[in-house]
Amino acid sequence: MFEAKLIQGNLIKKIMEGLKDLVTEANFDLSPGGVSLQAMDSSHVALVALMLRGDAFENYRCDRPRSIGMNLVNLSKVLKCAGNDDTMTLKADDTQNNITLVFESQAEDKYAEVQMELMDIDSEHLGIPDNTYDAIVKMPSAQFSQIVKDLSSIGDTVTVSVTKDGITFSTSGDVGTAHITCKQNTSMEKEADHTTVNLEHPVTLTFALRYFVTFAKSTSLSHQMSISLSKELPVMVEYAMGDMGHIRFYLAPKIDDEESMDDS
Amino acid sequence: MFEAKLIQGNLIKKIMEGLKDLVTEANFDLSPGGVSLQAMDSSHVALVALMLRGDAFENYRCDRPRSIGMNLVNLSKVLKCAGNDDTMTLKADDTQNNITLVFESQAEDKYAEVQMELMDIDSEHLGIPDNTYDAIVKMPSAQFSQIVKDLSSIGDTVTVSVTKDGITFSTSGDVGTAHITCKQNTSMEKEADHTTVNLEHPVTLTFALRYFVTFAKSTSLSHQMSISLSKELPVMVEYAMGDMGHIRFYLAPKIDDEESMDDS
Amino acid sequence: MFEAKLIQGNLIKKIMEGLKDLVTEANFDLSPGGVSLQAMDSSHVALVALMLRGDAFENYRCDRPRSIGMNLVNLSKVLKCAGNDDTMTLKADDTQNNITLVFESQAEDKYAEVQMELMDIDSEHLGIPDNTYDAIVKMPSAQFSQIVKDLSSIGDTVTVSVTKDGITFSTSGDVGTAHITCKQNTSMEKEADHTTVNLEHPVTLTFALRYFVTFAKSTSLSHQMSISLSKELPVMVEYAMGDMGHIRFYLAPKIDDEESMDDS
Amino acid sequence: FPSATEKLAKREEVVAMCVLKMVPREGQRGRYMLLKRPASGLLAGLWEFPTIPIEGGDTTCTHRQSKMDEYLQAGCGTPLGKPPKKLKVLRRHDVGTAVHLFSHIRMTMHVEMLVVEGGQEAAEAAEKAGVRWVAEGEMGSFGLTTMVRKAFKLAEDRKREGTDMMQYLKGNKRQAR
Amino acid sequence: FPSATEKLAKREEVVAMCVLKMVPREGQRGRYMLLKRPASGLLAGLWEFPTIPIEGGDTTCTHRQSKMDEYLQAGCGTPLGKPPKKLKVLRRHDVGTAVHLFSHIRMTMHVEMLVVEGGQEAAEAAEKAGVRWVAEGEMGSFGLTTMVRKAFKLAEDRKREGTDMMQYLKGNKRQAR
Amino acid sequence: FPSATEKLAKREEVVAMCVLKMVPREGQRGRYMLLKRPASGLLAGLWEFPTIPIEGGDTTCTHRQSKMDEYLQAGCGTPLGKPPKKLKVLRRHDVGTAVHLFSHIRMTMHVEMLVVEGGQEAAEAAEKAGVRWVAEGEMGSFGLTTMVRKAFKLAEDRKREGTDMMQYLKGNKRQAR
């Protein structure tokens, strides 16, 4: 038996916003420790890893580890039945091939129950190396979102470079060439508005901009986000949800002459 | 001569929002008692009945009963000329085949006058039986609207069932199966937020969901709405506008084997 | 060298909103006195004249008068990189064929720099006669915008007539006939809400309504706008930006039998 | 092995189709009109609902209905309008769109439901060479093409959106208000 | 009775058409260019505005104008650009799109208006076999096809959106600013 | 001078194309499958990626992939699924759409990339009359038509959106979590 109740049910809604444009079907791994998900987008350039700790839930119960496959587009539709202030309970009986979502209003006068069939999704479980990164930048999520949206009206590719002073996003296209720099800044009262740079080595990497725009759909999850970079490694874009867990996006860098790397 | 002035002109705008997607042309019946309209949608599954009492207007004058046909899509376009705080005056000379709408701003510095040709619409006047209903549920309009919108992303058909505890809306589709229950609740301070069930007999009926979504476009007319059901009779969905009048939607139930009923 | 800094960078954004649907490419004239632009729409019915005084800028510097051509659609895309509270600096080196736009946040923690190539646009510089107008009406920009939008859902052509009491906009179409009158009104506390009529002679002219809708996209520039009319002359629609400058739209009137005027 | 790209794209064709039912009184069972196709050409000699080609891309309801009116009047001798000379329209509405694939044609059918008033006598009188009025219960056993069945299914499905509102009102029809 | 579905869908064709007017000076009356179609084929030997087929779905203004430029230069010997060798463009803009139906073709016409500077002499000099410059006043009496009339009407209608702004400015053209 | 409107609109054709690469292991270089077209007809005897016509307008990814699966199995003897009887799919995704113009056809190609696992031996075993497995490095020198090159370019361009995420993970593949 699996059962878990979230007081803020719309957290799952927000998580799905960021996931469903990247991955359409995925396995959720249920374990006594919590719920996690790891999936690659269809072109194998990006990977998403979600972790929701058991502590994040009220009444978390998972009798045995299990992997359940769901269509994320359908899940998003179903989540529309949840009001923004509703609690959400997930239930899955080990002997059955479906999951039940229950949404209850705070006043307990509305009770919605939705049942979805599970899917059988074939997937390998791959480990993500625990890299130490050359540069870690924390900045307001809304600012990151704005920057990647703005740049995507100019170019397709973004070059991210971090120095001790800040992080610069650059692109170019028919319209022109743009550079946006966010400087280290801890003068604001609210910590969520700070921009901080943690640097081992300066690093410059290039990525497909449209993926960053997709990642930024998780902006509502957290006021701050972080970008972690290392030479020739995938960037990690993280939205931490306090003590509850996190969602991490990994994006492989673009390399001009890829052929030479093909013979690994 | 017909002449009637509404202080809150945008009431008519709101009414048209709910009507124009259901009925494109209709006759308005003008009488000394007020303005009414009754029309079926093109597939004869739904019926709408609007009543605006003469008292609702300032300076209401109707010298003789008369029926005037209008294209509701055109009327909606014309109503765009009314500001949200404008008064609205309707004028129709008995000897002429047109209607004049006058919109005046509160400050009396803007005066808009629109003239529309009337239409000759062939329609029988059918009586709506004054049923006593097995179950009458009152609930917040916004909640009803949310529920039918949410369910329509899952299925095409809604089963409504009322027991003494509350009202349940159910649907199912490729995505899954959903049940939403609103329980009787009178604990809130504002009466408009209450949900009340008035029950003679428990009742369960099935309807085409998309019509409910259309009815819910009248949500802005009133904080509360009511659903009245009886076995094998059309549901009545009502939005009452205080002392001014009401708009009522009737929807015929779905019956699995309709053929058997065809030979009446 | 040309360099100019605007504290309210989003002023340029707002100006482009109104321009880019009328003109896709245009020359900006840079002079020690300020920046100006004058261009006709492709069908030669409307003309726009923009003037931004040097005083409007902080640190205005223009070493020699120069005309620089830009694609306004591209410029609008680039301006998306400016936050609403950012300052904007324009820089153009006389020896280079490009322009640099710099956007800086108030907190100085974000710095965006965009470089665009200039275009070589062939254009004659035509003078606009300094007419004395028969009628000048000042009114709230938002009201003008609302009126032309509302009327455009009814007809294609607007007849504007000014008497000492006010200004009337009329149109007609399949839907019906509409007249909207704004009366002289100076009773409001805020001057920006006033409607004033300055009349030498009553005047009535007819225009293509869709151009007025395009002009009204400059509404955000100024609370008040003015309409200046003279018999058989283009109307002037002006949005003044305080001491900083103005944007003026000219629209040639419609004349029923144009042929007779063709042999000038 | 197969030669993929040699196959040609099908020709696109758009038609309006009218499922015309004649009933003695609203709410009662009636008869459907079927027309016989010409002896040669596509689907030669088979029965179909009144069908007309829609050209030029104007598939609005208004356009299709006016073209269908012409066809019903001129081609089938079934004018709509006021009795006694014309057939009284009780109900008329679109029921949906279906696509039918022939070997070389991709046909898009816009189907409308049209219910007119008239008894069995009227139907029999209107029957002439190439026109048949088939009772509701007999539609299943009448030899219909797949295309016609698709259109009929659309009309039936739509009916299932709800019963006819008219039946709930008719008891009051003659009551004074 | 008629065989509805046997009629075929028309072939779709897209063309760009240029209503080219040559005027002595901006604001004055001028002459329209007409070309004679080949002696055989569709509309054989009739007069038309310069017309080119647009293939591959790119109906953007930019694409059509660049194709038309080529055609005017290569096909009609009317190069646009700077005088004296080329014709000075005073004004050029789209005036709309119309559809014309032939028995077997559905033709979509994207029509642009192009006004160039040049006197009667220029027009007469440019006249050669298959090219005619027709005075504005004579367009009505010149034998034009329905298709050409439709395009001409679009250009005329657009003109009625307002008079030419240029005429209000020209008095100041030579004034110093 | 030219006769503009006589040129006909091209026939529209829609195909799905599959750039199928077989690699010994994910991340390694592999071989592309090419098929020989029939000896007569369009592009007779030339080599192409597996290509099938898509009719009826359904160009969804799901529809195209299921049609392509059938074709690979039936037409080319290359069934996808689980080893050892079938080829293991490592990766499959759309890489874009291109248009190719023939003299009388406008062909829209929906191109997908499909990477399957299998060594050189597998490729050689699968080689039969009309099927060729070409090593990545030799694609440039193999005689390919412009159409095939366009599809290949789409696949290559997409690859450039980023390197394959798999290579960063594979070191951990066998680690316990």
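Chain identifiers are assigned alphabetically (A, B, ...) following the order of the sequence lines, protein sequences preceding nucleic acid strands; residue numbering begins at 1 within each chain.
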If you count heavy-atom pairs under 4.5 Å with chain A, which of B:Gly176, B:Ser187, B:Ala178 comes out on top?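 Option with the top pair count is B:Ala178.
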
Hey, is A:Glu58 close enough to A:Lys5 for a salt bridge, meaning N to O under 4.0 Å? no

Return yes if a side-chain donor-acceptor contact under 3.5 Å exists between B:Thr168 and B:Thr181, otherwise no.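 Judged by distance alone, the side chains do pair up.
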
Is B:Asp150 close to chain A through its backbone or its side chain, or both, or neither, when contacts mean heavy atoms under 4.5 Å? both

So, the part of B:Gln184 with a heavy atom under 4.5 Å from chain A: the answer is neither

Taking atom NZ of B:Lys138 as the centre, does the number of heavy atoms from other residues, nucleotides or ligands within less than 6.0 Å exceed 12? no

In terms of relative ring orientation, are B:Phe144 and B:Phe212 parallel, tilted or perpendicular, with 30° and 60° separating the classes? tilted

